[in-house]
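Hydrogens, waters and symmetry mates play no part in the numbers below; they use all other heavy atoms, side chains included.
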Amino acid sequence: MKLVLPLDDAAADLPSVGGKGAALARLLRDGLPVPGGFHITTEAYRIFVSAFRDQIDTADPDRTAALFARHEIPASVAEEIMQAYRALGPDVPVAVRSSATAEDLPEMSFAGQQDSVLNVRGAALLDAVRTCWASLWNARAIAYRERNGVSHDAVALAVVVQRLVEAEAAGVVFTVNPVTGARGETVINASWGLGAAVVGGQVTPDTIVVSGGAVTQAVTADKAVMTVCTRDGTEERPVPDELRRRPVLDDSQAVELAALGARVQELFGAPMDVEWVRRHGVVAIVQARPVTGLTPELEEWNDSLKGDYLWTACNFGEAIPDVMTPITWSFVRLFIREAMAGASRLGVDLAGNIGGRFYLNLSPIYSVVAALGARSWLGAVENVYGRIPPGLDVPRVKLLGWRTAVSGARRAVHVRLRVWKHLRGMRAFLETAAQRCEELRERVAAVRLGPELADLYEREIEPHLVTASRMLQAANRQGGMTLIRTRGTLRQAVGDVDAEAMLTGGTADGELVSLGLVIGLTQLARGEITRAEFVRRYGHRGPHEFEISIPRPGEDPDWIDAQLAGLRGQQIGAEALLASQEKARAQAWARFAARYPRRVARMRERVRRWNRVVRDREATRSETVRTFWVLRAFVLRAGELTGCGDDVFYLHLTELLDLLRGDAAALARVPNRRATYERYAALPPYPALIVGRFDPVRWAADPHRRTDLYDARGATVPVSDTVTGFPGASGVVEGIARVITTPEQGDRLQPGEILVTPLTNVGWTPMFPRAAAIVTDMGAPLSHAAIVARELGIPAVVGTGNATTRLRDGARVRVDGGRGTVELLT
């Protein structure tokens with residue numbers, strides 16, 4: 001390493017010239033106005049201290065300062081320094097500034113910890129350099145390093161020597177408001193003379209705020225002192241009376257300085273603290289460092305801002321109930337693109353991210369129904385996506401012309417052909433999917449290089465996710481109307497109770513996988529299967545199975561232990577409930593046969609089709625979720641191979657693949673995204689229905705907020721005084737309501753109590769056998785809670801919208817699953 005470098009030298013990096021020097025070199029190379037000079041590199045410092053390094057005592061800074069003062073700079077080093085100085089011109093006044101290798105970093109500024117010496121001439125330069133070197137070991141610098149966990153052995157000091165600007169005025173430009181953290185504001189401090197008085201706090205400077213290219217606030221201070229140059233250095237002098245209360249900058253000068261600060265911020269890609277000086281109207285930059293200690297700038301994850309639409313959290317939102325990390329949202333978008341392909345050709349997103357949570361856009365669907373005059377379809381829509389409150393005016397989207405209609409029709413035919421294709425291959429897929437996922441996880445664990453892992457993802461993992469998602473689409477498309485019409489026909493023929501009993505039996509010809517988790521736990525508790533077997537079959541299913549950052553049950557022995565402990569408190573297990581429901585089903589069929597003897601065979605075939613469709617939907621969903629365990633393994637391995645740990649959860653997929661191939665630029669966004677995620681995750685779950693533009697933070701702060709509906713147009717639908725919803729599973733039960741908002745609170749539910757919750761998914765099923773009934777805010781007749789409750793014979797009311805707010809924890813209630821009502825008794 002050279003002892004001296006030109007100020008703009010390309011080799012002037014952090015190890016050689018320290019943070020301050022590296023920043024000035026970068027500014028100069030980019031054409032910004034920086035006074036000329038040179039660097040004295042860390043190699044010169046190391047040569048100087050090599051003779052006495054072992055005598056430096058961090059516990060005695062005064063002794064260390066004396067140690068530096070009595071040692072002469074080696075002649076060869078001194079000559080190179082003086083030669084570079086003489087090249088600046090005869091007897092040129094210079095500023096001599098310390099630049100440490102652990103200084104001016106984004107996370108730590110070290111500002112003011114080491115010394116600077118201004119207005120130095122001739123041979124005095126060597127003493128000034130030695131003063132700077134010694135300041136690496138002053139009490140301030142030692143304490144700062146120790147507070148921030150920086151090893152004393154890891155630092156070295158370079159020195160920046162610059163032509164001194166005998167400034168008429170000087171100050172600091174903050175390209176972000178350092179008090180409020182507002183990124184749209186530039187704050188300028190300005191005073192008379194050199195900048196030392198401002199930086200050192202000897203004077204209260206003027207403060208100007210610039211925003212949007214204009215001065216928005218200006219405070220002129222009484223500037224009592226100023227730093228000026230003398231023949232022997234600098235000194236503090238009183239500010240002349242005519243200048244004390246006079247603004248240092250006019251508006252145009254302030255705006256010009258703000259623009260200069262913006263150039264510096266753009267160059268470094270972060271908010272900056274820029275020291276400036278002015279002489280004869282010309283501005284120069286003498287230092288630039290990142291602004292530290294700021295609250296990270298938050299991103300906005302809010303697709304509700306795209307337009308006036310109706311969004312619902314029902315259906316997929318129940319399966320994906322968490323605030324999603326960016327990597328999860330990347331995979332969910334890919335999943336939705338394939339699982340709902342062709343659902344809309346209206347130029348409107350059907351899936352949205354609102355405050356980190358998953359929502360579906362119902363406006364396109366309702367617009368098509370209205371355009372075709374097909375109001376009879378609304379029943380099918382509500383059975384899948386939940387009920388719209390009476391009186392709610394659903395915003396419509398503009399339907400495009402006939403060319404778009406033709407294109408949409410062609411696309412629909414293409415999707416239908418793709419559905420048929422995947423239905424033919426569904427059995428083979430379901431037979432091999434689990435083994436394929438296990439193989440992919442093993443392949444991920446074996447990869448040793450980042451680029452190889454990226455290639456594995458693109459070549460094998462993503463194609464498997466695409467296939468699984470398309471299989472789920474095929475399963476969902478094969479019998480939606482069959483499910484709805486069959487249920488309606490039976491309810492009309494034999495009533496609610498017998499209809500629900502006749503429609504159960506999803507396990508008759510094979511396992512209904514939504515029940516697999518609770519049945520597997522029961523078998524594990526009895527010793528019929530090992531833990532390893534339980535993990536292999538069911539370890540991918542859980543309450544947070546789509547969120548990549550959260551461990552699967554198969555990775556979390558404590559979760560399994562907690563569920564086993566809950567099973568020990570059950571009076572009736574899942575298998576007993578299934579046996580009881582089987583008996584009720586046989587009796588219901590006998591009554592149907594006695595009443596409609598000629599319709600039995602045809603109805604049995606319709607119910608078999610019902611059960612096959614339900615099983616296929618649940619099975620393909622399970623295998624899609626299993627693929628998300630592969631995705632989690634891929635992301636975790638990416639964090640290991642890159643050394644970035646859980647930072648990778650806050651990258652989007654393309655950024656993660658770039659990182660694996662060596663481009664780490666996106667890591668700079670991680671602190672902001674982590675802070676954004678934490679802000680949204682701290683908020684309560686948002687309303688099940690959202691109309692228009694929605695601000696999650698403002699909504700959460702409203703003490704009168706509604707959890708069923710938010711309508712940006714105003715409260716157009718009155719709040720219901722009753723708790724009513726879809727009949728999910730028949731039966732009438734009275735009991736204690738236990739309001740539980742997360743599955744982690746499941747141990748609060750005692751046997752025989754009524755589970756009242758915002759939503760359920762597979763991860764909640766281990767609680768179901770303990771519950772006398774299920775009541776949910778979200779849901780529909782074909783939602784998870786309704787299907788599983790029917791199979792177990794547990795009364796359920798789903799999609800109430802307001803049960804968790806209307807029903808007090810511990811209150812006594814009556815649940816009528818056939819009528820879809822919940823009555824408060826005490």
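Using the six-membered ring where Trp is involved, Phe634 and Tyr457 have ring planes that are parallel, under 30° apart on the 30 and 60° scheme. Relative ring orientation between Trp301 and Tyr680 is described as tilted, the plane-to-plane angle lying within the 30° to 60° band.
Within 6.0 Å of the CD atom in Glu266, the count of heavy atoms belonging to other residues, nucleotides or ligands does not exceed 12. Surrounding CD of Glu235 are more than 12 heavy atoms belonging to other residues, nucleotides or ligands, all under 6.0 Å away. Within 6.0 Å of atom CZ in Arg246, 12 or fewer heavy atoms from other residues, nucleotides or ligands are found, so the atom counts as exposed in its surroundings.
Checked for salt-bridge contact, Glu555 and Arg632 meet the test: a charged N lies under 4.0 Å from a carboxylate O. At a threshold of 4.0 Å, the pair Glu300-Arg679 does not count as salt-bridged, since none of the basic side-chain nitrogens sits closer than that to a carboxylate oxygen. A salt bridge is defined here as a Lys NZ or Arg NE, NH1 or NH2 lying under 4.0 Å from an Asp or Glu carboxylate O, and Glu655 with Arg673 meets this definition. Ion pair Asp647/Arg674 flagged as a salt bridge, since at least one NZ, NE, NH1 or NH2 atom sits closer than 4.0 Å to an Asp/Glu carboxylate oxygen. Here Arg245 pairs with Asp222 in a salt bridge; the nearest charged N to carboxylate O distance falls below 4.0 Å. We find that Asp455 and Arg661 are joined by a salt bridge, their nearest charged nitrogen and carboxylate oxygen being less than 4.0 Å apart.
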(request) Evaluate salt bridge (charged side-chain N to carboxylate O under 4.0 Å, His left out) for Arg289 paired with Glu275, printing each intermediate quantity in order. (result) CA-CA 9 Å; Arg289 63 176 68 87; Glu275 292 185 28; 3.5 Å; yes
(request) Check the pair Glu547, Thr325 against side chain to side chain donor-acceptor pair (under 3.5 Å), reporting the backbone distance first and the verdict last. (result) CA-CA 7 Å; Glu547 175 50 53; Thr325 53; 2.7 Å; yes
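For the pair Arg26 and Phe268, the cation-pi test (distance below 6.0 Å, angle within 45°) is passed. Under the 6.0 Å distance and 45° angle rule, Arg145 counts as a cation-pi partner of Trp137.
Judged by distance alone, the side chains of Thr227 and Glu236 do bring a donor and an acceptor atom under 3.5 Å apart. A side-chain N or O of Arg46 and one of Thr42 form a donor-acceptor pair less than 3.5 Å apart. Inspection of the Asp13 and Ser16 side chains reveals an N or O donor paired with an N or O acceptor under 3.5 Å.
Aromatic ring centres of Phe52 and Phe68: separated by under 6.0 Å.
Remark: side-chain polar atoms of Thr175 are not paired, donor with acceptor, to backbone N or O of Thr186 under 3.5 angstrom.
Contact record, Ala254 with Val215: CB-CG2, 4.0 Å, taken as the closest heavy-atom pair. Shown here for Leu249 and Ile188, the closest heavy-atom pair between the two residues is CD1-CG2, 3.9 Å. Residues Leu27 and Ala288 approach most closely at CD1-CB, 3.8 Å, considering heavy atoms.
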